[in-house]
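This report concerns only the one structure given below.
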Amino acid sequence: TPFYPNWTPGELNWHVGQEVTPSLAEKMRGDLAVLTINAAAEKGVNVVIVEGAKNHLFREAIKRQYVSVYEETIRGMSAGRQEAFEIARKRHSGVANLWIEPEKISIIEDCLPQLMLPILRDEADMTIPWRDETSFATYPDFQVDFEMESNKLCNEMLKSAGILPLEHPGYDIWSGPRGWNRGINPYFLRKYEYISTSTDPKNDLIKPEEYCNATFFPVIATLINGGEVLSVPVPYRNPVIQTKMEQDSQIFRNKRKYQRDSILATTEEYIALHLGKPSKLALVA
C-alpha cells in the first residue's frame, strides 16, 4: 500500500548531514518501493498494489507484467492493507500471500524462498522473519533498541496470557512482513474498533485501525486458533540509504516510539477481549 503523493522519478538529492525533510523521506521511500515492486515482478510474483495517492508518475514507474494497481477506496493504514488482502483473495489465484512494507526490497531479493516455502509445503500457516544480529546491525541504532524492546514486551504479553508457552523463544513480530496460507485469510480481514468513552490520555494510543488490525492481530488470532506460526531466519538487510537518512532523525525516532507504545497498548486490549476480560475494543467486521 504505497502512499507517495509527491514522488517524482530522478536522482535523490541528499547527502549525509543534510536535514531530512518529509519530501526527501518520501522521495527515498518511493524510490525503494519502485525497486521492491519491480524486483517482485521479475520473480513472477503477482503484486497487488492499493495506491491512494493517485500519483500517476509513481504508477507509471511500476507499470509492468505481474503488477496490478488498484485505487484505494477505504482510508486508513490497516484498512488499505486489508483492501489489498481482499483484492488478492478475490482476483488472484494461489495458495499463499506475503505482505511487506513496500520499501523492504531485501525481503524480495534475499528472503523470499525462505519465507514462503514452509507455507507452500504445508509446514506452517504463517511465517514471520527472524532477524539476527547482522540484520539488526543494518538498522538505525535507535530503531534496533525500540524494536528489540517491543518484541520482548509483546512476547511477554503473549506468554502471560497463555497464548505462547513460557519456554517459547518468541517472535520477531516487529520485523514487519507476514507470509500466510490463504486458508487463514479471515484473520487478516477482521476489523476491530475502539469503543471506550474514557478520557484517559493513554487511550489515545489504542488505535487498531493503524497497524494492528491488518498485521498484528492476525498473528495472535492464528495462535489462539491453534495455527502454526513459524519464525524463519532470514538474511534481511535494511536499505543503506534508508538507514543513513533515518539514523539522526528526531522525526523517525518519535515515529518508532509511537509505533511501540500504540501497538503494545492496542494489543493489550485485543488480548483482554479474547480472554473475556473488559476491553476497549470490539469486533465490528
Side-chain angles (χ1 to χ4, degrees), residues 1-4 7 12 14-37 39-40 77 81 98-115 127-157 169-179 210-212 214-216 219 229-267:
T1 50
F3 189 82
Y4 315 109
W7 180 87
L12 172 65
W14 178 84
H15 58 80
V16 175
Q18 180 182 348
E19 180 187 2
V20 180
T21 63
S23 61
L24 282 170
E26 182 179 325
K27 167 62 177 166
M28 174 268 291
R29 287 175 168 252
D31 287 351
L32 291 172
V34 170
L35 294 174
T36 302
I37 293 163
M77 192 178 301
R81 292 171 180 177
L98 171 67
W99 170 79
I100 64 172
E101 295 95 336
E103 302 90 4
K104 286 191 165 157
I105 185 171
S106 179
I107 289 291
I108 300 300
E109 291 188 334
D110 307 319
C111 314
L112 192 59
Q114 299 96 310
L115 273 176
T127 56
I128 299 175
W130 179 274
R131 298 166 293 179
D132 60 14
E133 290 184 7
T134 303
S135 179
F136 272 116
T138 66
Y139 284 82
D141 297 339
F142 69 85
Q143 186 171 347
V144 175
D145 293 340
F146 278 129
E147 294 196 3
M148 292 187 75
E149 180 188 19
S150 300
N151 280 331
K152 179 177 180 291
L153 293 172
C154 188
N155 285 312
E156 287 176 352
M157 199 181 296
Y171 297 101
D172 183 4
I173 198 167
W174 250 258
S175 62
R178 313 278 188 256
E210 289 188 338
Y211 304 99
C212 290
T215 57
F216 281 83
V219 177
V229 179
L230 183 66
S231 282
V232 179
V234 294
Y236 178 78
R237 301 294 182 264
N238 206 51
V240 173
I241 184 61
Q242 185 173 7
T243 297
K244 287 182 177 179
M245 290 187 73
E246 296 183 3
Q247 178 65 56
D248 298 315
S249 170
Q250 188 61 44
I251 292 175
F252 283 101
R253 188 181 294 271
N254 293 342
K255 177 181 179 180
R256 301 304 175 195
K257 180 181 184 302
Y258 171 77
Q259 287 174 328
R260 178 197 63 193
D261 295 346
S262 177
I263 292 169
L264 289 173
T266 308
T267 298

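Note that these values count all heavy atoms, side chains included, but never hydrogens, waters or copies made by symmetry.
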One should read off an interatomic distance between Leu24 CG and Ser249 OG, to the nearest 0.5 angstrom, of 11.0 Å
Checklist entry - Checking Glu103 side chain against Ala33 main chain: does a donor-acceptor pair fall under 3.5 Å? => result no
ask   = Looking only at side chains, do Asn151 and Glu147 share a donor and an acceptor under 3.5 Å apart?
value = no
For Cys154 and Ile173 the tightest heavy-atom approach is SG-CG2, 4.1 Å
Check: So, do Gln143 and Met148 sit near enough that their side-chain heavy atoms are less than 4.5 Å apart?
Finding: no
**Asked** Taking the side chain from Ser231 and the backbone from Tyr171, do they hold a donor-acceptor pair closer than 3.5 Å?
**Response** no
Rounded to the nearest 0.5 Å, the CZ atom of Phe146 sits from the CZ atom of Arg253 at a distance of 6.5 Å
Rounding to 0.5 Å, atoms CG (Asp261) and OG1 (Thr266) come to a distance of 10.0 Å
Per side-chain contact (heavy atoms from CB on, under 4.5 Å), Leu112 is matched among Ile100, Leu98, Val234 by Leu98
Discussion item. Contact between Asn238 and Tyr236 at the side-chain level, heavy atoms closer than 4.5 Å - yes or no?
Written reply: yes
- Task: For atom CD of Glu19, decide whether the heavy atoms of other residues, nucleotides or ligands shown that lie under 6.0 angstrom number more than 12.
- Result: no
- Query: Taking the six-membered ring for Trp, are the ring centroids of Tyr211 and Trp174 within less than 6.0 Å of each other?
  - Reply: no
- prompt: Within a reach of under 6.0 Å around NZ of Lys257, are more than 12 heavy atoms found that belong to other residues, nucleotides or ligands?
  reply: no
Check whether any side-chain heavy atom of Pro239 sits under 4.5 Å from a side-chain heavy atom of Leu32, and report yes or no.
-> yes
Going by heavy atoms in the side chains, are Asp141 and Phe136 under 4.5 Å from each other? no
Interatomic distance, CG@Asp172 vs CZ@Arg131, rounded to 0.5 Å, equals 4.0 Å
Min side-chain heavy-atom separation Trp130-Ser135 under 4.5 Å
no
Requested in this report: Indicate yes or no: at least one non-hydrogen side-chain atom of Thr267 is less than 4.5 angstrom from one of Cys212.
Outcome: yes
Those residues at least two apart in sequence (or on a different chain) that pass side-chain hydrogen bond (donor to acceptor under 3.5 Å, both in side chains) with Ser175 are none
Open item on the list: Test your reading of the model: is there a side-chain donor-acceptor pair from Ser150 to the backbone of Arg260, 3.5 Å cut-off?
Closed with: no
Within the side chain of Tyr139, is there an N or O that forms a donor-acceptor pair under 3.5 Å with the backbone of Gln247? no
So, does Asp132 use its side chain to make a donor-acceptor pair with the main chain of Pro233 at under 3.5 Å? no
Between Ala25 and Phe252 the two heavy atoms that sit nearest each other are CB-CZ, 3.9 Å
Look at atom CD of Glu133 and say whether more than 12 heavy atoms of other residues, nucleotides or ligands are closer to it than 6.0 Å. no
In short, Ile107 meets Pro129 closest at the heavy-atom pair CD1-CG, 4.4 Å
What one should report as the nearest heavy-atom pair of Glu101 and Gly176 is OE2-CA, 3.6 Å
Practice prompt. Check whether any side-chain heavy atom of Ile128 sits under 4.5 Å from a side-chain heavy atom of Leu230, and report yes or no.
Written response: no
In terms of heavy-atom contacts, Val20 and Met245 come closest through CG2-O, 3.1 Å
Practice problem: Verify salt bridge (Lys or Arg N to Asp or Glu O under 4.0 Å) between Arg29 and Glu26, making sure each step is shown before the conclusion. | Solution: CA-CA 5 Å; Arg29 287 175 168 252; Glu26 182 179 325; over 6 Å; no
Can a donor-acceptor pair be found between the side chains of Glu210 and Tyr258 at a distance below 3.5 Å? yes
Exercise. Would you say the side-chain atoms of Glu246 pair up with the backbone N or O of Thr243, donor to acceptor, closer than 3.5 Å?
Worked result: no
Subject >> Whether Arg237 side chain and Pro235 backbone form a donor-acceptor pair below 3.5 Å >> reply: yes
ask   = Quick one: does Lys27's side chain get under 4.5 Å of Trp14's, heavy atoms only?
value = no
Nearest heavy-atom approach of Lys244 to Val16 is CD-CG2, 4.3 Å
Value for OG1 (Thr215) from CZ (Arg81), rounded to nearest 0.5 Å, stands at 5.0 Å
>> For Phe216, does the six-membered ring have the charged nitrogen or CZ of Arg178 within the cation-pi criterion, i.e. under 6.0 angstrom from the centroid and within 45° of the normal?
In response: yes
